[in-house]
Amino acid sequence: MTSATPVNPFYAARRHRIATTHHDKPAGPVYARLPQAPRNASPVPHLTSLYHFDRAGEYGDRSYPGNCGGNLIRDLLLYFRPEGPIFDPMSGSGTCRDVCDELGLPCVSGDIHQGFDACDPDGFPTEKFAFIWAHPPYWRQKSYALDPRDLSRAPTLEEFLSRYGQFLRNCAGALTPGGKLAVLMGDYCDHEAGFLPLVYHTKRLAFEAGLVQHCTDVVRFSHGASSSRKVYRTAFIPGLHDTLVVLERPA
Ligand SMILES: C[S@@+](CC[C@H](N)C(=O)[O-])C[C@H]1O[C@@H](n2cnc3c(N)ncnc32)[C@H](O)[C@@H]1O
């Protein structure tokens with residue numbers, strides 16, 4: 001015989017308090033203590049695996065869908081100090097070019113909006129680059145152009161990954177030996193396909209293209225994301241970051 005567990009009024013009240021405090025609190029910034037980074041010879045000591053800064057910098061157009069802050073690109077260029085021009089094959093509002101202009105570095109860039117298809121196996125410049133900045137669409141999380149070659153228009157995940165793989169092979173082929181490819185990518189939950197581990201696929205496809213990972217992932221806090229201001233009826237664990245993967249063409 002089983003008997004109903006008596007309700008402990010203390011725990012009932014506490015449960016109620018937890019439920020109301022967590023749900024009724026107005027949204028606002030939360031301050032977290034970051035681990036201390038070891039001192040080292042880096043020319044950019046604040047560039048660690050946690051890119052938490054909330055200032056995007058005055059680069060590109062913040063109203064462009066998928067615009068990323070330029071400060072991370074600036075810190076990467078100051079850290080790696082690549083020789084020769086920087087290449088941004090999916091330039092959007094021109095954030096990377098603006099950073100390069102500020103640093104006095106030459107920049108080659110293109111975007112599907114200008115008719116340049118970075119996923120075309122024969123479409124890349126013949127020039128080799130010591131540093132490529134890539135910020136591709138996170139499949140169809142946002143759509144960019146009406147052009148069917150736009151990666152965000154890929155009708156299935158398989159097709160997206162196939163064209164994305166070609167893009168990464170193009171990048172691998174355009175690097176100098178020892179050259180770096182910095183890819184900013186995010187995982188997200190698609191309304192039909194479910195959770196998409198796109199950072200995993202980035203690494204998998206890049207390794208298949210002959211690249212190796214150069215250093216730690218950089219977790220970039222998503223300050224200012226439009227989704228942060230939305231209210232959802234369903235429960236989920238919000239993703240508040242995207243991930244920068246730095247890949248290298250072996251020398
Ligand atoms: C995440 S956005 C880049 C935003 C950019 N980092 C900025 O700060 O403005 C992705 C870009 O990839 C471009 N794109 C999509 N498919 C492409 C393709 N096949 N070839 C070249 N560019 C493409 C889109 O037009 C869009 O501008």
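Counting starts at 1 for both ligands and their atoms, in listed order. All residue numbers in this chain count up from 1 along the given sequence.
Contacts of ligand 1 (protein heavy-atom distance under 4.0 Å) are Tyr64, Gly66, Asn67, Cys68, Pro89, Met90, Ser91, Gly92, Ser93, Thr95, Asp111, Ile112, His113, Phe116, Asp117, Ala118, Cys119, His135, Pro136, Pro137, Tyr144, Arg149, Asp150, Leu151, Arg163.
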**Message:** Please evaluate residues Phe87 and Phe124 with respect to the criterion ring pair (Phe, Tyr, Trp, His ring centres under 6.0 Å), reporting the C-alpha separation (whole Å), side-chain torsions for both, the decisive distance (0.1 Å), and the verdict.
**Reply:** CA-CA 10 Å; Phe87 185 35; Phe124 254 43; 5.2 Å; yes
**Request:** Using the ring pair (Phe, Tyr, Trp, His ring centres under 6.0 Å) rule, take His46 and Phe53 through it: C-alpha gap first, then chi angles, then the decisive distance, then the call.
**Result:** CA-CA 10 Å; His46 62 263; Phe53 308 102; 5.4 Å; yes
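With respect to Lys203 and Asp217, a salt bridge is recorded, a charged nitrogen being found less than 4.0 Å from a carboxylate O. Ion pairing between Asp190 and Arg140 holds under the 4.0 Å rule for side-chain N and carboxylate O. Arg163 has a carboxylate O that lies under 4.0 Å from a charged side-chain N of Asp117, or vice versa, which qualifies the two as a salt bridge.
In this structure, the side chain of Ser49 does not engage the main chain of Val218 through any donor-acceptor pair within 3.5 Å.
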